[in-house]
Undergrad: 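Handing you this structure, nothing more for now.
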Amino acid sequence: MDFRWTEEQELLIQSLEELLQREAPETLMAELDTRHEFPFKPWQALADNGILALGIPEEYGGVPADITTLTLVCETLGKYALPLGIIYSLGIITIRDIIQFGSEEIKAEVLSGFVRGDLPVALGITEPQAGSDAAAMKATAKIDGEEVILNGQKMYCTLAKIARYILFMTRDEQGANPYASISMWLLPTDTPGLRFNILNKVGWWTVPTYEVFIENARIPRKNLVGQFNSGWPQLMANFEIERLALCAASVGAAEAALEDSLSYANRRVQFGNPIGNYQAVQHILTDMAIKNENMRNYIYKVAWMMDQGQSVRHEHAMCKLYVARAACEVTDAAVQIMGGLGYMMDHRVQRLWRDIRLMRIGGGTDEIMYNIAGPQLLKHARKS
Amino acid sequence: MKIVVCAKLAPDASDIEVRSDGSISLERAEWRIGSFDLQAIEAAVRLRDAHGGSVTALSVGPQRINHSKLRKDLLSRGPDELVLVAEDALNGADTAVTAQVLAAAVRKIGAVDLVLTGEGSADLYFQQVGLQLGELLAVPVFNAVSKIEVSDSQVRIERSLEEETEVLELPLPAVLAVTTDIHTPRLPNMKEILLAAKKPVYEWSLADLGLENTPEPRVEAVSLRAPRPVERKRILIEGSPEEAAQSLAGYLVKEGVV
Amino acid sequence: MADDKDVWVFSEKPALQAELIAGAQQLTSHTGGQVMAVVLGARSQAEQALEQGAQRVLWLGELPSGRLVEDIVPTLAASVQDKRPFGVIIGATIRGRAVAGRLAARLGVAALADVLEFQWDDSALLARHMVFGGGAVRIDRPLAGPVIATTGQGIFEAGALQARPKGEIEPLSWVEPPWQAAVIERRSRAVSSVNLSAAKRVVCPGRGVARQEDLGLIEELAQALSAEMACTRPLAEGLGWLPRERYIGISGAMIKPDLYLGVGVSGQAQHTIGMSESRVVVAINKDRAAPLMTQSDYAVEGDLYQVVPALIRALKARKAK
């Protein structure tokens with residue numbers, strides 16, 4: 001077993017760390033958060049330095065990268081500038097769907113744009129009545145000659161208004177099996193008939209989330225991504241890597257929280273001693289460090305399995321469930337260690353704490369992760 | 001145009017460990033490309049991109065510098081090839097020895113139009129080697145070069161001196177030590193990192209350079225220790241901004257500095 | 001005047017030359033030779049060197065037009081080989097460094113750069129300087145002569161001027177350099193030029209200052225203190241908020257003011273090497289564990305955006321009284 005990174009990975013991450021310190025310093029990220037502003041400049045810097053090219057096919061300006069390398073990138077983004085890690089992770093699912101299922105024309109347009117610094121394609125799946133239950137989806141696509149007329153309403157559609165495209169999921173009402181009745185469309189966000197309503201969130205202030213109303217939006221029929229009525233399996237094909245990416249960004253955030261806590265514990269003096277001298281505080285810090293180590297090992301293992309072409313059907317769900325919860329615990333402990341200061345808006349840990357909380361919900365809730373993992377574990381046991 | 005860029009690979013100063021007796025350990029320090037040399041590499045690569053030709057990175061030092069990650073790191077920043085003279089006889093080499101080995105290597109590379117160096121090495125920062133190298137090669141040599149324009153067999157440079165900017169024209173070949181603000185060094189991306197492994201690396205021994213004996217050192221380092229900290233009063237002023245400001249202003253008056 | 005005993009000094013800056021003469025005197029008190037100044041300039045400058053304490057001047061006359069100070073290298077090398085001094089101390093300006101490096105190469109020695117102090121170990125000369133970005137002190141012993149060393153401003157204290165100096169001025173003739181750079185243009189950088197090393201009080205913002213606009217506040221503080229404004233390296237080089245001449249530390253300015261006030265400066269060794277000999281050090285930082293906070297006389301823990309305006313008010317109020 002070799003826990004070392006490759007030299008290429010070390011050099012890439014070293015370069016990325018320097019880039020983030022240069023282009024996305026904590027002062028800037030804090031300021032953007034206060035102003036609820038998207039980190040356009042840091043995002044463009046990621047493109048300019050080839051980070052967004054990673055894992056994109058070379059014909060569209062990309063550079064080969066395995067899943068382990070992408071995981072390290074997400075972790076580093078999460079540690080230095082969590083919003084960038086979040087945006088990147090959200091993009092992984094839509095961008096990979098386009099790589100896998102998009103037409104040549106769609107790939108050339110979307111992938112080349114992404115490499116140059118376009119925002120990722122937003123994902124339009126959740127609806128007021130349909131979250132993880134695809135059968136309840138109501139958005140429709142009506143074919144009209146060479147065009148398609150889209151209608152519906154999507155909830156929690158992150159980046160929708162500022163991205164160039166939404167990967168828009170519709171339900172064919174004729175289909176009996178809901179999972180074989182969903183289609184995936186590339187919907188330009190400047191299409192007439194779209195209306196956006198920004199949603200106020202507890203965290204993720206620099207990464208805006210919208211409610212989108214789609215009323216008779218006409219797009220070319222060739223904007224279908226993949227096969228008609230195959231949208232659900234297509235989407236599922238890349239949920240695993242999206243969850244892994246979100247996990248990696250969360251691990252980075254937990255590492256940042258631990259760093260802040262350690263430095264605070266070393267310098268905050270109470271009753272004549274730095275608080276780090278007290279065992280009660282040392283126990284919290286040690287538990288945080290153990291969780292970080294476990295989280296890191298878990299994501300690297302899942303990434304490695306995926307790179308080996310192994311199935312991670314239940315492993316990825318267990319990993320997501322563990323990491324989302326452990327990262328919440330670690331950021332919460334960081335707030336606790338810092339006491340009153342931890343709860344103040346001018347320190348980073350409150351932001352990590354608010355931003356990380358969504359990891360137990362977004363990309364599939366904890367409860368859905370149980371639903372995925374549990375039956376798979378039982379099935380495996382029956383087989384053996 | 002054939003450009004050679006010299007870079008020192010040395011332990012990272014921020015990894016220095018100070019032992020309790022004040023002595024210093026560099027055993028655990030990570031070796032890196034000198035931070036001031038990155039600007040020279042950037043300048044060399046930009047000149048090549050503008051005028052064509054090639055950039056050869058050159059580094060001399062102990063065996064330790066012949067490390068595949070360091071080689072890739074150097075080459076991922078744009079040079080076309082790398083020449084290493086890595087022998088333990090060069091461990092802790094003084095500026096005179098370093099300059100002599102570099103000069104021999106530049107001669108062996110041959111037909112070099114321009115040699116660039118950083119302002120100084122990241123570890124010692126004596127700012128000497130480039131100047132000595134130019135003199136040994138008997139070609140025009142200048143330090144503090146903040147701009148380089150090449151035309152035909154001439155080069156026009158700007159030097160940022162303490163109180164003035166000086167524009168000079170000199171014939172090539174020449175050796176130029178660039179300032180730290182000549183360019184912001186690029187950060188290597190994955191494409192360049194992957195490409196770096198495929199670029200040629202030439203490992204030359206001192207014997208290959210015609211230096212049968214290691215050049216005689218001219219300076220011996222007698223001791224290396226942590227600096228003695230200056231004794232300070234270490235008075236911590238807390239409280240509201242108004243209170244702290246009043247208190248500090250009082251101290252400054254007492255010290256006779258306002 | 002015997003071989004290997006005299007110590008020469010050379011600097012194109014007369015003020016620095018005076019300090020080098022004082023440094024050379026420390027050496028000749030041990031070697032038993034004379035302090036000699038190599039002067040490139042008007043006769044009055046040669047006389048000035050004698051007043052500054054040189055016992056003899058090697059005078060080259062004024063720099064011929066179109067020539068550079070650096071062109072002195074072949075002349076210096078020939079004279080050193082001819083007259084065999086113990087060593088040459090050269091002022092560590094940019095031009096001085098160029099002269100020293102090239103001279104050392106011609107003479108087959110290694111120059112001792114940025115010497116902070118000379119010491120003697122019996123008959124062996126030792127030179128102390130900072131390495132590793134201020135993280136370590138190294139003591140070097142030259143193994144071969146002549147000793148070529150560079151020393152910056154503020155290391156040796158110039159002695160009092162002598163009213164009627166006795167030394168001789170010996171003319172020295174130019175040795176033609178083998179190559180010549182054409183001087184196209186010289187632009188004074190007076191606008192941004194600042195002599196930080198002469199400032200009595202220095203205010204230095206660091207990365208704790210979030211935006212370039214906020215420098216106005218720091219400048220206001222500098223005015224209230226009648227201080228010069230300096231900065232840390234990232235503010236000058238990474239961010240470009242202030243001219244390069246204003247940053248303190250390795251490769252930047254080395255200062256010894258009466259008051260150094262760091263605002264939002266963490267205090268990396270690369271910076272503190274340039275200010276550690278200030279008489280009074282004050283740090284304002286919200287992080288009390290920042291290295292500079294623990295290496296200062298007065299450490300104010302607080303938000304600079306609140307403390308600095310309060311300090312400006314307090315200083316102005318005191319002035320008004």
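Each chain gets a letter, A, B and so on, in the order the sequences are listed, and its residues count up from 1. Both backbone and side-chain heavy atoms feed into the values below; hydrogens, waters and symmetry mates do not.
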Undergrad: Is C:Thr93 in contact with chain B via its backbone, its side chain, both, or neither, using a 4.5 Å heavy-atom distance?
TA: both
Undergrad: Under 4.5 Å from any heavy atom of chain C, what part of B:Thr165 do you find: side chain, backbone, both or neither?
TA: both
Undergrad: Top residue by heavy-atom pair count (under 4.5 Å) with chain B, among C:Val280, C:Leu225, C:Ile184?
TA: C:Ile184
Undergrad: If you apply the rule side-chain contact (heavy atoms from CB on, under 4.5 Å), what do you find for B:Glu158 with C:Arg187, and how did you get there?
TA: CA-CA 10 Å; B:Glu158 271 189 30; C:Arg187 294 194 296 270; 3.3 Å; yes
Undergrad: Taking B:Glu166, B:Arg218, B:Gln128 one by one, which has the highest count of heavy-atom pairs under 4.5 Å against chain C?
TA: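 Top option by heavy-atom pairs under 4.5 Å: B:Arg218.
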Undergrad: Is C:Gln306 close to chain B through its backbone or its side chain, or both, or neither, when contacts mean heavy atoms under 4.5 Å?
TA: both
Undergrad: When you compare the side chain of C:Asp114 with that of B:Gln127, does any pair of heavy atoms fall below 4.5 Å?
TA: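 In short, these two side chains touch, coming nearer than 4.5 Å.
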Undergrad: Test side-chain contact (heavy atoms from CB on, under 4.5 Å) on B:Val222 and C:Asp140 and set out the steps.
TA: CA-CA 5 Å; B:Val222 180; C:Asp140 280 347; over 6 Å; no
Undergrad: Evaluate the side-chain proximity of B:Gln246 to C:Arg318: yes if any heavy-atom separation is below 4.5 Å, no if none is.
TA: yes
Undergrad: With chain B as the partner, which of C:Thr294, C:Thr150, C:Asp258 has the greatest number of non-hydrogen pairs under 4.5 Å?
TA: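 If we count pairs closer than 4.5 Å to chain B, C:Thr294 comes out on top.
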Undergrad: OH/C:Tyr247 to CG/B:Asp181 distance, rounded to the nearest 0.5 angstrom?
TA: 7.5 Å
Undergrad: Does any heavy atom of chain C fall under 4.5 Å from the side chain of B:Ile24, the backbone, both, or neither of them?
TA: side chain
Undergrad: Is it the backbone or the side chain of B:Ile16 that comes under 4.5 Å from a heavy atom of chain C, or both, or neither?
TA: side chain
Undergrad: What option among B:Thr179, B:Val129, B:Leu124, B:Thr98 has the most heavy-atom pairs under 4.5 Å with chain C?
TA: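 Max contact count across the listed options: B:Leu124.
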Undergrad: Could you pull out all residues at least two apart from C:His129 that satisfy ring-ring contact (aromatic ring centres under 6.0 Å, His included)?
TA: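 Counting only residues at least two positions away or on another chain, C:His129 forms a ring-ring contact (aromatic ring centres under 6.0 Å, His included) with B:Phe126.
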Undergrad: Let me know if B:Ala249 has heavy atoms under 4.5 Å from chain C in its side chain, its backbone, both or neither.
TA: both
Undergrad: Taking atom CZ as the centre, does C:Arg186 end up with more than 12 heavy-atom neighbours from other residues, nucleotides or ligands that are less than 6.0 angstrom away?
TA: yes
Undergrad: What is the minimum heavy-atom distance between B:Pro227 and C:Met130, and which atoms define it?
TA: CB-CE, 4.3 Å
Undergrad: Looking only at non-hydrogen atoms, find the nearest pair between B:Leu131 and C:Arg102 and report the distance.
TA: O-CG, 3.8 Å
Undergrad: Which of the residues C:Glu185, C:Arg106, C:Arg201 is involved in the greatest number of heavy-atom pairs with chain B at under 4.5 angstrom?
TA: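 Option with the top pair count is C:Glu185.
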Undergrad: Under 4.5 Å, counting heavy-atom pairs only, tell me which of C:Arg288, C:Arg95, C:Gln295 racks up the most with chain B.
TA: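 Of C:Arg288, C:Arg95, C:Gln295, C:Arg95 has the most heavy-atom pairs under 4.5 Å with chain B.
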Undergrad: Give, as side chain, backbone, both or neither, the part of C:Val99 having an atom under 4.5 angstrom from any heavy atom of chain B.
TA: neither
Undergrad: Answer with side chain, backbone, both or neither: which region of C:Leu112 has an atom nearer than 4.5 Å to a non-hydrogen atom of chain B?
TA: side chain
Undergrad: Are side-chain heavy atoms of C:Leu68 and B:Leu168 found at a separation under 4.5 Å?
TA: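 Touching, per the 4.5 Å side-chain cut-off.
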Undergrad: What part of B:Leu26 gets closer than 4.5 Å to chain C, counting heavy atoms only: side chain, backbone, both or neither?
TA: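 Only the side chain of B:Leu26 comes within 4.5 Å of chain C.
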Undergrad: Name the option with the most non-hydrogen atom pairs under 4.5 Å to chain B; the candidates are C:Ala314, C:Ala105, C:Ala182, C:Ala227.
TA: C:Ala182
Undergrad: Under a 4.5 Å cutoff for heavy-atom pairs, which residue among B:Arg234, B:Glu242, B:Glu119 has the most contacts with chain C?
TA: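 It is B:Arg234.
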Undergrad: Which atom pair, heavy atoms only, marks the closest approach of B:Thr95 to C:Ala110?
TA: OG1-CB, 3.3 Å
Undergrad: Can you tell me if B:Glu162 uses its side chain to pair, donor with acceptor, with the backbone of C:Ile94 under 3.5 Å?
TA: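 Yes, because the side chain of B:Glu162 sits within donor-acceptor range (under 3.5 Å) of the backbone of C:Ile94.
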Undergrad: Select one option (side chain, backbone, both, neither) describing which atoms of C:Leu103 are under 4.5 Å from chain B's heavy atoms.
TA: neither
Undergrad: Among the options B:Glu231, B:Glu164, B:Glu238, B:Arg159, pick out the one with the most heavy-atom pairs lying under 4.5 Å from chain C.
TA: B:Glu164
Undergrad: Between B:Leu236 and C:Glu301, which heavy-atom pair has the shortest distance, and what is it?
TA: CD1-CB, 4.3 Å
Undergrad: If the contact rule is any heavy atom under 4.5 Å from chain B, which residues of residues 270-278 of chain C qualify, in numerical order?
TA: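 C:Ser276, C:Glu277, C:Ser278, listed by number.
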Undergrad: Who among C:Ala283, C:Ala113, C:Ala127, C:Ala104 has the most heavy-atom pairs with chain B under 4.5 Å?
TA: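 It is C:Ala113.
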Undergrad: Side chain, backbone, both or neither: which part of C:Val308 has an atom under 4.5 Å from a heavy atom of chain B?
TA: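 Nothing of C:Val308, per the 4.5 Å heavy-atom cut-off to chain B.
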Undergrad: Sort B:Asp94 into side chain, backbone, both or neither according to what part of it lies under 4.5 angstrom from a heavy atom of chain C.
TA: side chain
Undergrad: Of all heavy-atom pairs between C:Ala310 and B:Pro241, which one has the smallest distance, and what is that distance?
TA: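 In terms of heavy atoms, the two residues are closest at CB-O, 3.6 Å.
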Undergrad: Using non-hydrogen atoms and a 4.5 Å limit, figure out which bit of C:Arg128 sits close to chain B: side chain, backbone, both or neither.
TA: neither
Undergrad: Does any heavy atom of chain B fall under 4.5 Å from the side chain of C:Gln180, the backbone, both, or neither of them?
TA: backbone
Undergrad: Looking at B:Leu224, is its backbone amide N or carbonyl O close enough to the side chain of C:Arg138 to form a donor-acceptor pair, meaning the two atoms are under 3.5 Å apart?
TA: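 The answer is no, because no donor-acceptor pair under 3.5 Å joins these two groups.
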Undergrad: Testing the basics here: between B:Ala244 and C:Val300, what is the closest heavy-atom pair and its distance to 0.1 Å?
TA: CB-CG1, 3.8 Å
Undergrad: Does B:Arg19, at its CZ atom, have more than 12 non-hydrogen atoms belonging to other residues, nucleotides or ligands within less than 6.0 Å?
TA: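 Counting other residues, nucleotides and ligands, CZ of B:Arg19 exceeds 12 neighbours.
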Undergrad: Could you pull out every donor-acceptor pair under 3.5 Å between side chains of residues 250-258 of chain B and any protein atom, sequence neighbours left out?
TA:
| from | atom 1 | to | atom 2 | distance (Å) |
| --- | --- | --- | --- | --- |
| B:Glu255 | OE2 | B:Lys233 | NZ | 2.7 |
| B:Glu255 | OE2 | C:Tyr298 | OH | 2.6 |

Undergrad: Show me the side-chain donor-acceptor pairs of residues 169-176 of chain B shorter than 3.5 Å, one per line, residues at least two apart or across chains.
TA:
| from | atom 1 | to | atom 2 | distance (Å) |
| --- | --- | --- | --- | --- |
| B:Glu169 | OE2 | B:Arg156 | NE | 3.1 |
| B:Glu169 | OE2 | B:Arg156 | NH2 | 3.1 |

Undergrad: Please classify the contact between B:Ser160 and chain C as side chain, backbone, both or neither, with a heavy-atom cut-off of under 4.5 Å.
TA: both
